Amino acid sequence: MKENKLFTKGLIVKTIALLITLLVGLYYWRVFKKLDCFKIRQVIARYANNEVVENISDFSYLKGRNIYELNLSKEARYIQESYPSYKKVRLTRFPPELLIIDFIKR
């Protein structure tokens with residue numbers, strides 16, 4: 001009986017320690033993601049054969065946004081709707097500050 005109480009207390013202490021560790025880790029992860037060094041400063045748009053696309057200024061709205069909070073699939077769909085002559089648009093992030101947009105022709 002006494003061993004059960006010790007086991008239960010030990011389990012409770014380990015569970016509380018795990019929860020505290022997870023909360024602290026989550027806090028530091030959120031702080032880490034919000035750092036200014038993870039803001040997009042450069043956007044490169046290119047064809048699948050690495051040829052640079054003109055009118056890169058069209059993607060200036062992406063600059064200044066956090067690279068980790070950017071929903072790549074949503075932005076790719078938005079860009080693909082804006083450029084229907086391309087079969088597929090693929091966004092790739094290169095932390096800390098670079099975003100590459102690949103256009104694949106039909």
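Here the structure is a predicted model, which is why all the values come from computation and not from measurement.
The CG atom of D102 sits 4.5 Å away from atom CZ of R90, with the distance rounded to the nearest 0.5 Å. The distance from the CD1 atom of I44 to the OG1 atom of T92 is 11.0 Å, given to the nearest 0.5 Å. Rounded to the nearest 0.5 angstrom, D58 CG and Y83 OH are separated by 3.5 Å.
Within the 4.5 Å cutoff, the side chain of I79 has no heavy atoms near those of the Y86 side chain. Using a 4.5 Å cut-off on side-chain heavy atoms (C-beta onward), I101 and V43 make contact. Side-chain contact between I100 and F94: present, with at least one pair of heavy atoms (C-beta onward) separated by less than 4.5 Å.
Heavy-atom contacts from other residues, nucleotides or ligands closer than 6.0 Å to OH of Y68 number more than 12.
Qualifying salt bridge (charged side-chain N to carboxylate O under 4.0 Å, His left out) partners for R41, counting only residues two or more places apart in sequence or in other chains: E97. Judged as a side-chain contact (heavy atoms from CB on, under 4.5 Å), and not counting sequence neighbours, the contacts of L72 are L70, L91, R93, L99. Partners of S73 under the side chain to side chain donor-acceptor pair (under 3.5 Å) rule, at least two apart in sequence or in another chain, are N71. The side-chain contact (heavy atoms from CB on, under 4.5 Å) check on I20 picks up I16, V24, with sequence neighbours excluded.
Here the closest non-hydrogen pair linking A76 and V89 is CB-O, 3.6 Å.
Sorted by first and then second residue, the side-chain hydrogen bond (donor to acceptor under 3.5 Å, both in side chains) pairs involving residues 14-40 (not counting sequence neighbours) are K34-E69. Judged as a salt bridge (charged side-chain N to carboxylate O under 4.0 Å, His left out), the pairs with a partner in residues 70-85 (not counting sequence neighbours) are, in order, R65-E75.
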